[in-house]
Structure formats: structure tokens, C-alpha cells
Amino acid sequence: MSWIKVSGATSYLIYRKTCGSGWVRIATLDSGSITSYTDTTGVSGTTYYYTVRAKSANGLSWYNQTGVSALCQ
């Protein structure tokens, strides 16, 4: 997955869920300049939903609560 860099971000928090479950943080990328992530822990044949939050000195950003879906191959 990839996203557009957020001005002032110091890190990004990656969240994943399955249908009917809540968001679980699966990674924290400590550099605000990293704008992509590959999930290597998913189970093949499972559809996951992903979302990203930027973290800055001001706190956490808004995030897409629906997320973007992907089928784990």
C-alpha cells in the first residue's frame, strides 16, 4: 500500500482489520518520509482492510474509517 506524504508527519501508523472486526495497529513507520508499506503477515485468501494515520507533534491525523480492501495472495 502507499499514500501521499503528510506535511509535518513524523511517523505513520498502519492499521488492518477483517470484515466485522475492529482496527488493529500492525506497524509504526518511524520516518515521516516513508510512504509505502507491505503487509507480510496476512493469511492467504483473507480479505483485509487497511488504513493509515499520520502522527506529528500535534497528535494523530484523521483516517479513513472504511479503509481500502485487499485480498491476501
Side-chain angles (χ1 to χ4, degrees):
M1 61 187 300
S2 62
W3 55 91
I4 297 169
K5 183 177 178 178
V6 175
S7 178
T10 56
S11 62
Y12 295 101
L13 287 65
I14 313 300
Y15 293 85
R16 177 178 79 187
K17 71 176 183 173
T18 56
C19 186
S21 69
W23 291 110
V24 175
R25 186 171 60 190
I26 59 169
T28 299
L29 308 177
D30 289 327
S31 172
S33 63
I34 297 172
T35 58
S36 65
Y37 175 78
T38 301
D39 181 7
T40 59
T41 64
V43 176
S44 182
T46 302
T47 298
Y48 292 103
Y49 298 84
Y50 296 90
T51 194
V52 180
R53 293 184 87 172
K55 184 176 181 181
S56 71
N58 296 326
L60 292 170
S61 71
W62 170 91
Y63 68 103
N64 181 326
Q65 294 182 8
T66 302
V68 175
S69 66
L71 176 63
C72 187
Q73 300 291 326

Visitor: Using residues 3-17 as the side-chain source, report each donor-acceptor pair under 3.5 Å to any protein atom, sequence neighbours left out, with the distance given to one decimal.
Guide:
| unit_1 | atom_1 | unit_2 | atom_2 | d |
| --- | --- | --- | --- | --- |
| T10 | OG1 | K55 | O | 3.1 |
| Y12 | OH | V6 | N | 2.9 |
| Y12 | OH | G32 | O | 3.3 |
| R16 | NH1 | D39 | OD1 | 3.4 |
| R16 | NH1 | D39 | OD2 | 2.7 |
| R16 | NH1 | T41 | OG1 | 3.1 |

Visitor: When hydrophobic residues are tied together by side-chain contacts of less than 4.5 Å, even through go-betweens, does Y50 share a cluster with V43?
Guide: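 Yes; tracing contacts between hydrophobic side chains, which count when under 4.5 Å, links both residues.
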Visitor: Is Y63 reachable from Y48 through a run of I, L, V, M, F, W or Y residues, each pair having side-chain heavy atoms under 4.5 Å apart?
Guide: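 No, separate clusters.
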Visitor: To the nearest 0.5 angstrom, please state how far the CG atom of L71 sits from the OG atom of S44.
Guide: 7.5 Å
Visitor: Judged by atom type as modelled, is there a donor-acceptor pair below 3.5 Å linking the side chain of T51 to the main-chain atoms of N64?
Guide: yes
Visitor: Considering only heavy atoms from C-beta outward, does the side chain of V52 approach that of M1 to under 4.5 Å?
Guide: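 The answer is yes, as the side chains (C-beta and beyond) meet within the 4.5 Å cut-off.
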Visitor: Got a sec, which pairs hit side chain to side chain donor-acceptor pair (under 3.5 Å) with one end in residues 21-31, sequence neighbours left out?
Guide: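 Listed once each, the pairs are T18-S21, S31-S33.
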Visitor: Is there side-chain contact between I26 and Y37, with at least one heavy-atom pair below 4.5 Å?
Guide: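 Yes. Closest side-chain heavy atoms under 4.5 Å.
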